[in-house]
Chemist: 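Have a look at the structure that comes next, please.
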Amino acid sequence: MKNIILTGFMGAGKTTAGAALGGKLQLPVYDTDHLIENEHGLTIREIFQSHGEQLFREMETQLLGRLPSEPAVITTGGGIVMRAENRELLKRAGTVFFLSCPFDEIYERLKEDSTRPLLYEKTKEEIRQLYESRIPFYRDGSIEIDTSGKTPEEVADCIISSLG
Ligand code: S3P
C-alpha cells in the first residue's frame with residue numbers, strides 16, 4: 001500500500017480525519033507540521049515569528065524529500081501545496097487526497113483560532129481570498145473528498161472507498 005496523504009485548507013479536518021484513517025487502516029499517522037516542530041524544537045508559530053514564512057516553506061520542502069517510506073497516513077500543513085515542487089513530491093510520496101469544505105464552514109472553525117500565524121489580523125475576506133487562491137493547487141493531482149457535514153470517521157470511510 002502507498003502512503004495516504006491528506007491536503008486541504010486550515011480547518012478542513014485533516015488531523016481528525018487522518019487519525020480516524022490511521023486507526024481504521026492500522027497505519028502510523030505523521031503530520032508535516034509536527035515533524036517540523038519536533039525537528040526544530042519550535043512551534044509553527046515560533047518558526048513564523050523568528051524565521052518567517054519563507055523559511056518555514058523551505059522546511060516543508062526539505063521534509064517532503066525524506067518522508068517515511070513505509071505505508072503511512074501523512075497529514076500536511078494547509079499551505080504545503082503552494083509550491084509546484086511540493087506538489088510533485090507529494091504525488092511521488094503516495095496517493096493525495098484533497099479534503100474540501102465550503103469556506104463558510106471552515107471560517108466558523110477558524111475564527112477563534114490563535115495558533116495559526118497566517119490568520120493573524122486577517123479579515124474574513126482576506127482569508128477567503130487565500131482559500132480561493134489555493135483551490136487549484138489542492139486539486140492538482142489529488143482525489144477530492146467533500147467533507148461537508150461528515151464526521152472524521154465518515155471522511156476516513158470515503159477515503160478508504162476511493163482507494164479501491
Ligand atoms: C498553514 C497551515 C498550517 C501550518 C502553518 C501554515 C497554511 O497547518 O502549516 O500555520 O499556510 O495554510 P494546518 O493546515 O494544519 O492548520
Side-chain angles (χ1 to χ4, degrees), residues 1-39 43-45 47 56-57 59-61 63-64 66-83 86-119 124 127-128 130-164:
M1 181 187 252
K2 293 208 285 184
N3 284 321
I4 300 172
I5 299 164
L6 306 189
T7 67
F9 201 71
M10 296 172 267
K14 293 165 292 192
T15 307
T16 48
L21 194 57
K24 283 175 191 280
L25 296 176
Q26 297 285 289
L27 290 177
V29 182
Y30 301 110
D31 177 73
T32 57
D33 281 348
H34 290 159
L35 292 171
I36 289 172
E37 288 183 329
N38 291 342
E39 194 172 307
T43 63
I44 299 299
R45 194 172 153 170
I47 294 171
F56 172 69
R57 299 299 172 200
M59 292 173 179
E60 286 187 312
T61 304
L63 179 75
L64 290 183
R66 48 187 165 78
L67 280 178
S69 57
E70 80 255 47
V73 174
I74 299 166
T75 61
T76 58
I80 210 159
V81 296
M82 288 190 304
R83 287 187 175 193
N86 291 359
R87 297 197 297 278
E88 290 313 309
L89 287 166
L90 288 170
K91 286 178 215 165
R92 250 183 269 155
T95 308
V96 184
F97 288 89
F98 162 35
L99 304 194
S100 70
C101 184
F103 177 73
D104 286 333
E105 221 173 290
I106 282 193
Y107 185 73
E108 280 309 303
R109 295 185 205 152
L110 293 178
K111 65 182 186 193
E112 309 296 343
D113 187 283
S114 63
T115 62
R116 290 172 166 108
L118 283 188
L119 301 178
K124 182 174 180 180
I127 301 171
R128 187 198 300 277
L130 185 65
Y131 167 90
E132 284 173 0
S133 70
R134 286 182 178 177
I135 297 288
F137 301 137
Y138 292 127
R139 291 202 166 128
D140 178 10
S142 68
I143 300 170
E144 184 164 342
I145 304 285
D146 179 4
T147 66
S148 187
K150 293 192 181 79
T151 64
E153 300 291 320
E154 288 167 338
V155 172
D157 287 336
C158 286
I159 292 172
I160 293 169
S161 328
S162 339
L163 286 171

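Since this is a predicted model, take the numbers as computed values, not measurements.
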Chemist: Mind checking salt bridge (Lys or Arg N to Asp or Glu O under 4.0 Å) for R45 and listing every partner two or more places apart, or none if nothing turns up?
Modeler: none
Chemist: Taking only residues two or more places apart in sequence, or in another chain, which ones meet N86 in a side-chain contact (heavy atoms from CB on, under 4.5 Å)?
Modeler: E60, T61, L64, I80, R83, L89
Chemist: Identify all side-chain donor-acceptor contacts of residues 90-99 below 3.5 Å with residues at least two apart in sequence or on another chain.
Modeler:
unit_1	atom_1	unit_2	atom_2	d
K91	NZ	E88	OE2	3.0
K91	NZ	D140	OD1	3.1

Chemist: Using side-chain hydrogen bond (donor to acceptor under 3.5 Å, both in side chains) as the criterion, list what pairs up with D33, not counting sequence neighbours.
Modeler: none
Chemist: What pairs with T76 under side-chain hydrogen bond (donor to acceptor under 3.5 Å, both in side chains), at least two apart in sequence or on another chain?
Modeler: none
Chemist: Would you mind listing every salt bridge (charged side-chain N to carboxylate O under 4.0 Å, His left out) that reaches into residues 154-164, with sequence neighbours excluded?
Modeler: K24-D157
Chemist: Can you check whether R57 reaches M82 side chain to side chain, under 4.5 Å on heavy atoms?
Modeler: yes
Chemist: Can you sort out the partners of D104 under side-chain hydrogen bond (donor to acceptor under 3.5 Å, both in side chains), two or more places apart, ordered by chain and number?
Modeler: K124
Chemist: Could you give all pairs that pass the salt bridge (charged side-chain N to carboxylate O under 4.0 Å, His left out) test and reach residues 1-13, with sequence neighbours left out?
Modeler: none
Chemist: For E70, check salt bridge (Lys or Arg N to Asp or Glu O under 4.0 Å) against everything at least two apart and list the hits.
Modeler: none
Chemist: Can you list the residues that meet the ring-ring contact (aromatic ring centres under 6.0 Å, His included) rule with F103, with sequence neighbours excluded?
Modeler: Y107, Y131
Chemist: Which residues pass the ring-ring contact (aromatic ring centres under 6.0 Å, His included) test with Y30, not counting sequence neighbours?
Modeler: none
Chemist: Test of understanding: with side-chain contact (heavy atoms from CB on, under 4.5 Å), list the residues that count as partners of C158, not counting sequence neighbours.
Modeler: I145, K150
Chemist: Nearest 0.5 Å, please: how far is CD1 in I36 from CG in D31?
Modeler: 9.0 Å
